[in-house]
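Scroll down for the structure; my scribbles are underneath it.
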Amino acid sequence: MRKNIVAGNWKMNKTLQEGLALATELNEVLAGASLKCDVVIGTPFIHLASVTAAVDTKVVGVAAQNCAAKESGAYTGEVSAAMVKSTGAEYVILGHSERREYYGETSTILNDKVALALANGLTPIYCCGEALEVRNANEQNAFVKTQLDETVFNLSAEDFAKIVIAYEPIWAIGTGVTASTEQAQDMLAYIRGLIVDKFGKEMAENTSILYGGSCNAKNAPELFSQPDIDGGLIGGASLKVADFKAIIDAF
Ligand code: 13P
C-alpha cells in the first residue's frame, strides 16, 4: 500500500540556526502525535547533518533538495549523493522545475542524479510539471509523459518502486494559484495510468504521487481527499511549523 507523504521544500530559505529551530520545533510538535502521513523536510545541504542529528528521523524524514550528477571528484561546489546519505538524510528532491529552469537540468543530467541517489540508498522525490503556456495549450499530459518517459520510466521495476513522484505545475509554484482539485486529481490519475501502462497495476497502486504548488492549510484537505493525491510537496507553507502542521493534519 502506498504511503501518504507531506514533504516540505525549504528552497533557499533559513540560516542554519533558523533551520535547526524550525526542524526541532516541528519534531517536538509531531513526536507522539498519531499521523496519517510520513513527514519529510527538504533543507539546504549545509543544514542536513545538523537537522538529522536534532530530529527523530522516524518522525521527521530529511531530504536534500538536489545532489550531484557525478559520483565524486573534481566538481567544485557540488555535493554527491553519497555525501547526502552520510548526513543521515534519506530523501533527495530531484528535477524540481527551479533546477530545470535556472540550472539547466536536463533529462540526461537527471537520469544520472536519480541513478546515483538510488545507488546510495536515497529515495528520490522526482518532480515533473508543465509551464503555463503548456497548460494553456492543453498539452500538459503529453509534456509530463515526456518528462517521465525520458527519465524515471526507464528505471527497472525494482528501482522505480523506490521513488516518489511529485507533480508541480510551474504556474502554481509560489504564485498563490493552486491547481484546482480537479486539475490536480486529473493529472495524478493520468500519471498513475502511465505507471500502470509501464510497470503494471500493482506498481501504480504502490507509488506515492504528490501534488505541489501553493498547497496550504486551506486547500490541502480537499486535495488530499482525492483518490490519486497521496500528499504534497510544500514550499512556502513549510517554513512555519503551524502552517506545515496544519497541512499534515489535513489527512
Ligand atoms: P509553493 O508551495 O511555495 O508554491 O512551492 C511549491 C514547491 O515548489 C515545492 O517544491
Side-chain angles (χ1 to χ4, degrees), residues 4-14 18-19 22-23 26 37-45 47-48 51 60-67 84 89 91-103 105 110 113-114 117 122-132 134-135 140 143-144 147-148 151-152 163-181 183-184 187-188 191 208-224 229-251:
N4 293 328
I5 302 170
V6 172
N9 175 7
W10 293 1
K11 308 191 179 183
M12 197 173 71
N13 291 294
K14 304 287 177 190
E18 290 165 351
L22 174 59
L26 181 67
C37 62
D38 285 3
V39 176
V40 176
I41 50 177
T43 82
F45 284 132
H47 300 40
L48 290 173
V51 165
V60 180
V62 180
Q65 299 170 17
N66 181 25
C67 70
V84 169
Y91 298 84
V92 58
I93 299 167
L94 290 175
H96 193 283
S97 57
E98 288 152 16
R99 301 247 17 122
R100 294 179 192 258
E101 188 175 344
Y102 308 142
Y103 301 98
E105 295 199 359
L110 288 168
K113 293 189 177 200
V114 169
L122 293 167
T123 299
I125 299 174
Y126 189 80
C127 304
C128 57
E130 81 288 351
L132 188 59
V134 177
R135 170 65 64 167
Q140 65 275 6
F143 184 89
V144 167
Q147 283 187 324
L148 298 172
T151 57
V152 292
I163 72 164
V164 172
I165 304 272
Y167 167 66
E168 299 203 304
I170 297 170
W171 45 272
I173 295 177
T175 57
V177 183
T178 323
S180 69
T181 303
Q183 286 171 323
M187 178 57 85
L188 270 56
I191 294 172
S208 296
I209 312 179
L210 315 182
Y211 166 78
S214 298
C215 186
N216 57 37
K218 220 165 150 223
N219 55 38
E222 195 177 298
L223 285 164
F224 295 176
I229 302 181
D230 304 318
L233 184 55
I234 319 297
S238 71
L239 297 173
K240 286 199 188 123
V241 169
D243 295 349
F244 194 48
K245 172 74 163 46
I247 295 173
I248 293 163
D249 288 341
F251 272 113

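When a ligand or atom number is given, it counts from 1 through the structure's own listing order.
Atom 3 (O) of ligand 1 has Gly236 N, 2.8 Å as its closest protein atom, hydrogens excluded (heavy atom only). Closest protein heavy atom to atom 2 (O) of ligand 1: Gly235 N, 2.9 Å.
Under a 3.5 Å cut-off, the side chain of Gln65 and the backbone N or O of Gly42 do form a donor-acceptor pair.
For the pair Glu98 and ligand 1, the shortest N or O to N or O distance does not fall below 3.5 Å. The shortest N/O to N/O separation between Gly174 and ligand 1 falls below 3.5 Å. Residue Leu233 has no nitrogen or oxygen atom sitting less than 3.5 Å from a nitrogen or oxygen atom of ligand 1, judged on distance alone.
Counting the atoms of ligand 1 from 1 in the order shown, those under 4.0 Å from a heavy atom of Ala172 are 4 (O). Against a heavy-atom cut-off of under 4.0 Å, Gly213 is close to the following atoms of ligand 1: 4 (O), 6 (C). The ligand atoms of ligand 1 that sit less than 4.0 angstrom from a heavy atom of Glu168 are 6 (C), 7 (C), 8 (O), 9 (C), 10 (O).
When all heavy atoms of Pro44 and Trp10 are compared, the pair lying nearest together is CD-CE3, 3.9 Å. Taking both residues in full, the closest heavy atoms of Cys37 and Ile5 are given as CB-N, 4.1 Å, listed atom of the first, atom of the second, then distance.
In this structure, Thr175 OG1 and Ile170 CD1 are separated by 11.0 Å, a value rounded to the nearest 0.5 Å. Distance check, rounded to the nearest 0.5 Å: CG of Leu110 to CZ of Arg100 gives 5.0 Å. Within the model, atoms OH of Tyr91 and CD1 of Ile41 stand 12.0 Å from one another, a figure rounded to the nearest 0.5 Å.
Using cut-offs of 30° and 60° for the angle between ring planes, the Tyr211 and Tyr167 rings count as tilted.
Contact between Gly212 and ligand 1 is absent, with no heavy atom of the residue lying under 4.0 Å from the ligand.
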